[in-house]
Amino acid sequence: MSDTSTGDPGTDGAIRVTHEGAVARLVIDRPRKHNAITPAMARDLAAACAALDADEQVRVVLLTGGGEKAFSAGSDMNALGEITDLWAFRNRVEYAAVVRDMRKPVIALLRGWVLGGGLEIALGADIRIAGTSAKFGAPEVTRGWVGGGGASQMLPRLVGYGQAMRLLLSGDTIDAARALAIGLVEEVVEDDALDAHGTALAQRIATFSPLATQAVKAATRAALSMPLEAGIRHENELHVICMSDRGRQEGITAFQEGREGRF
């Protein structure tokens with residue numbers, strides 16, 4: 001296992017990365033402030049995501065927050081209050097986007113508060129597993145703005161227009177059971193089982209061909225923005241690319257020999 005981090009996990013916050021074989025754990029680490037994200041943390045998160053995407057040893061990323069009380073409460077409100085240059089703010093590092101744009105599978109492990117930009121980060125993951133303590137909300141409307149990290153676009157695609165508007169217009173929070181019922185998360189487990197459960201899933205996915213898992217993600221993400229016929233053609237091109245990889249023969253051989261593939 002290796003460990004890298006940037007910043008101070010105390011008041012200033014840090015982005016911490018650990019490696020366990022082909023699985024990397026990416027931690028938003030500012031528990032004293034419910035893992036609220038400063039502009040410096042956003043830049044560090046972007047750098048960490050780029051490094052993980054470029055690391056050929058990493059096949060799956062687990063994303064979580066430091067401490068027990070929150071995944072992330074979103075943007076640091078004090079930093080938002082200091083905005084004086086709207087053009088610079090427009091061109092900021094959008095921390096939810098850097099997670100959403102990763103090529104590799106990302107599994108978000110969610111406990112405690114998942115609010116605002118923290119919810120948008122979770123929406124950028126591919127699989128969301130919640131602990132029973134998780135509480136989800138998009139409170140931006142109560143502060144006078146719409147979120148800028150993709151909630152209004154990703155939520156309707158996940159939970160439908162009405163459920164998305166219920167969250168976005170009310171600013172209310174919902175618990176993990178309700179999040180599961182509307183399709184916002186894929187699973188709910190006890191908090192003390194969350195890390196082990198998510199790690200086991202990540203490790204299983206990491207045993208598959210990285211070309212295949214990234215192709216699955218690329219094809220499925222295309223479905224969010226492509227018309228059906230274009231998406232099907234895109235999927236077929238990715239299928240052909242996978243069939244040209246040496247992993248194809250390993251998959252066939254493993255099936256014939258009655259064993260798991262070794263990718």
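Numbers here are sequence positions counted from 1. In this text, all values refer to a predicted model and were calculated from it rather than measured experimentally.
Crowding of Arg143 atom CZ: a count of heavy atoms from other residues, nucleotides or ligands under 6.0 Å not exceeding 12. For Lys217, the NZ atom counts as densely surrounded, since its 6.0 Å shell holds more than 12 non-hydrogen atoms of other residues, nucleotides or ligands. Under a cut-off of 6.0 angstrom, the local environment of CZ in Arg221 is crowded, with over 12 non-hydrogen atoms contributed by other residues, nucleotides or ligands. Other residues, nucleotides and ligands contribute at most 12 non-hydrogen atoms within 6.0 Å of the CD atom of Gln57. For Glu260, the CD atom sits in a loose shell: 12 or fewer heavy atoms of surrounding residues, nucleotides or ligands are nearer than 6.0 Å.
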Tabulate below the donor-acceptor pairs under 3.5 Å that side-chain atoms of residues 229-248 make, not counting sequence neighbours, or state none.
{"from": "Ser244", "atom 1": "OG", "to": "Ile241", "atom 2": "O", "distance (Å)": "2.6"}
{"from": "Asp245", "atom 1": "OD2", "to": "Gly247", "atom 2": "N", "distance (Å)": "2.9"}
{"from": "Arg248", "atom 1": "NE", "to": "Met243", "atom 2": "O", "distance (Å)": "3.1"}

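Distance check: Leu115 CG to His34 NE2 gives 8.5 Å after rounding to the nearest 0.5 Å. Atom OG in Ser152 sits 9.5 Å away from atom CE in Met165 (nearest 0.5 Å).
Ser133 places a side-chain N or O within donor-acceptor distance of the main-chain N or O of Gly112, the cut-off being under 3.5 Å. A donor-acceptor distance shorter than 3.5 angstrom exists from the side chain of Arg128 to the backbone of Leu184, with no hydrogens or angles considered. Judged by distance alone, with hydrogens and angles left aside, the side-chain atoms of Arg100 form a donor-acceptor pair with the main-chain N or O of Gly149 at under 3.5 Å. Judged by distance alone, the side chain of Arg16 and the main-chain N or O of Asp29 form no donor-acceptor pair under 3.5 Å.
Partners of Asp101 according to the side-chain contact (heavy atoms from CB on, under 4.5 Å) rule, which considers only residues two or more places apart in sequence or in another chain, are Ala97.
Considering all non-hydrogen atoms of both residues, Asn35 and Ile28 come closest at OD1-O, 3.0 Å.
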